[in-house]
2 protein chains.
Amino acid sequence: MTTVRTSAPAGTGRGRRSGRSAGDDRESAILATAERLLGQRAFSEISIDDLARGAGISRPTFYFYFPSKDAVLLTLLDRVTEEADRAAADVLVHLADDPRARWRELISRFHATFGAHRSVVLACAEVRGTNAEVRRLWATVLERWVQAVEAAIEAERRRGAAPAGLPARDLAIALNSMNERVWYATFAGDGPAVAERDVVDVLLDVWLTAVYRTTSPA
Amino acid sequence: MTTVRTSAPAGTGRGRRSGRSAGDDRESAILATAERLLGQRAFSEISIDDLARGAGISRPTFYFYFPSKDAVLLTLLDRVTEEADRAAADVLVHLADDPRARWRELISRFHATFGAHRSVVLACAEVRGTNAEVRRLWATVLERWVQAVEAAIEAERRRGAAPAGLPARDLAIALNSMNERVWYATFAGDGPAVAERDVVDVLLDVWLTAVYRTTSPA
DNA sequence: ACATGCGTCAACACCCTGTCGAGAACCATC
DNA sequence: GATGGTTCTCGACAGGGTGTTGACGCATGT
């Protein structure tokens with residue numbers, strides 16, 4: 001769990017007495033409203049007032065719970081990336097038996113997780129350009145995945161399943177970047193995109209050829 | 001040249017008497033100011049007032065030349081993509097003699113063009129999330145490149161230089177997407193990125209293995 | 001001289017963000 | 001059931017940005 005908020009108020013660290021309290025409900029209500037509204041329109045089209053009204057509070061009260069609109073999105077993003085991390089954990093450790101199936105599983109799980117929260121992911125892509133915090137959080141998450149893939153590629157090379165080639169880190173960056181961009185295009189539906197039901201197979205194919213120089217590794 | 005502006009005023013279609021006029025100077029001044037300012041700070045940090053003052057006019061007068069701040073960026077983007085198109089033209093037609101060198105040339109030229117105008121490209125990435133016009137323009141540009149690459153892949157397969165595999169269009173989309181995202185990370189400098197001097201070689205390697213299943217095609 | 005259209009800007013209306021200070025509601029303790 | 005301290009709430013304000021309006025110069029051709 002990455003630290004999300006710059007200033008103090010909202011969240012678990014505020015110093016609430018103990019369990020449930022009215023404030024927690026409000027906070028969840030804001031989050032829920034945000035996710036609901038994101039399914040309807042773009043993040044930039046949603047004002048803090050919309051979020052507040054949706055949660056049944058006034059705009060100044062919103063600021064008691066979150067320092068800004070972006071902080072809400074950051075919290076949402078945090079959840080999604082945690083889920084993605086959980087989904088991807090352990091997939092690459094037993095790569096040696098049936099590598100093709102493992103790699104496919106990895107890509108497929110990311111696809112499923114992002115697809116399930118596409119409005120949040122799309123919103124993050126929308127503000128990544130303007131919000132340094134979203135950019136940083138996304139960068140650290142991506143870095144984790146890159147390192148996992150890098151390690152897996154090196155392991156495959158050590159056991160002789162994959163030939164030497166590009167530095168494993170550069171390859172891992174390139175492949176993860178490809179996935180990210182292709183998913184974005186697929187989910188956003190703008191511009192040239194791979195059909196959603198084919199996207200896992202297309203990405204997998206490029207991954208396998210890049211790592212093994214063949215699509216059916218040992 | 002794609003149509004850029006929604007409403008009438010600026011540009012060549014405004015109905016000016018003939019050649020030079022004070023208005024053209026102002027328009028260039030706005031464009032130049034925008035490009036200069038983009039070298040210093042993010043697009044969202046630049047107000048219309050900044051652009052106007054930089055061009056020596058008042059804010060309302062700015063609206064005489066451009067309908068919005070985004071329209072300025074769109075004009076800038078239009079120039080860059082035209083340049084990129086010119087740079088890429090003809091590179092893929094003689095693929096058969098020395099394919100490796102040709103593909104490398106293609107990637108390398110894009111890299112050079114985007115690198116030369118990185119502030120504009122970065123700014124476009126910044127607003128792509130919120131501005132539908134930028135998104136559309138970028139999409140059409142990307143579509144052109146995808147089609148060119150798709151055709152090249154199919155030609156290579158026909159002459160037996162590349163094996164069959166993924167639908168050429170899907171492959172072209174995936175590879176172009178990868179380049180776009182990797183370039184962005186490299187230029188923006190946020191998150192995991194490939195070193196700028198290696199980026200062409202890394203991308204080329206993935207392209208060649210994906211298309212030919214080897215890095216040294218016939 | 002005079003109409004026409006380009007070029008210009010002060011002033012306005014509007015929307016959105018973030019803050020401040022005055023309270024209301026809650027909960028522990030005496 | 002008073003007291004005191006947090007938690008929580010919002011009306012009102014200040015500020016900054018966008019886009020529009022209406023009136024006014026200044027060329028130019030007739």
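Since the structure is predicted, the reported quantities are computational estimates derived from the model, not experimental observations.
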Take the protein atom [atom1] of [X] and the nucleotide atom [atom2] of [N], then report the distance between them rounded to whole Å.
X        : N       : atom1 : atom2 : value
Glu27(A) : dT9(D)  : CD    : C1'   : 16 Å
Tyr63(B) : dC12(C) : OH    : P     : 18 Å
Ile46(A) : dT17(C) : CD1   : P     : 11 Å
Phe66(B) : dT18(D) : CZ    : C1'   : 17 Å
Glu45(A) : dC15(C) : CD    : C1'   : 13 Å
Asp25(A) : dT9(D)  : CG    : P     : 10 Å
Arg26(A) : dA25(C) : CZ    : P     : 13 Å
Ile57(A) : dC8(D)  : CD1   : P     : 11 Å

Picking from [options], which would you name as closest to the side chain of [X]?
X        : options                  : result
Ser47(A) : dC9(C), dC16(C), dG7(C)  : dC16(C)
Phe64(A) : dT18(D), dC6(C), dT9(D)  : dT9(D)
Arg59(B) : dC12(C), dC9(C), dT17(C) : dC12(C)
Pro60(A) : dC20(C), dG18(C), dG7(C) : dC20(C)

Under 4.0 Å between a side-chain nitrogen and a carboxylate oxygen: does that hold for [X] and [Y]?
X         : Y         : result
Glu143(A) : Arg169(A) : yes
Arg79(A)  : Glu83(A)  : no
Glu196(B) : Arg118(B) : yes

Worksheet item: Side-chain N or O of Thr61(A) less than 4.0 angstrom from OP1 or OP2 on dC8(D)?
Response: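 For dC8(D), OP1/OP2 do not have a side-chain N/O of Thr61(A) under 4.0 Å.
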Item to complete: Hey, which sits more toward the 5' end of DNA chain C by its nearest nucleotide, Ile48(A) or Ser58(B)?
Response: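 That would be Ser58(B).
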Worksheet item: Between the side chains of Asp190(A) and Trp138(B), does any donor sit under 3.5 Å from an acceptor?
Response: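 Side chains of Asp190(A) and Trp138(B): no pair found under 3.5 Å.
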Worksheet entry | Neighbour count above 12 (heavy atom, 6.0 Å) for Arg53(A) CZ |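 No.
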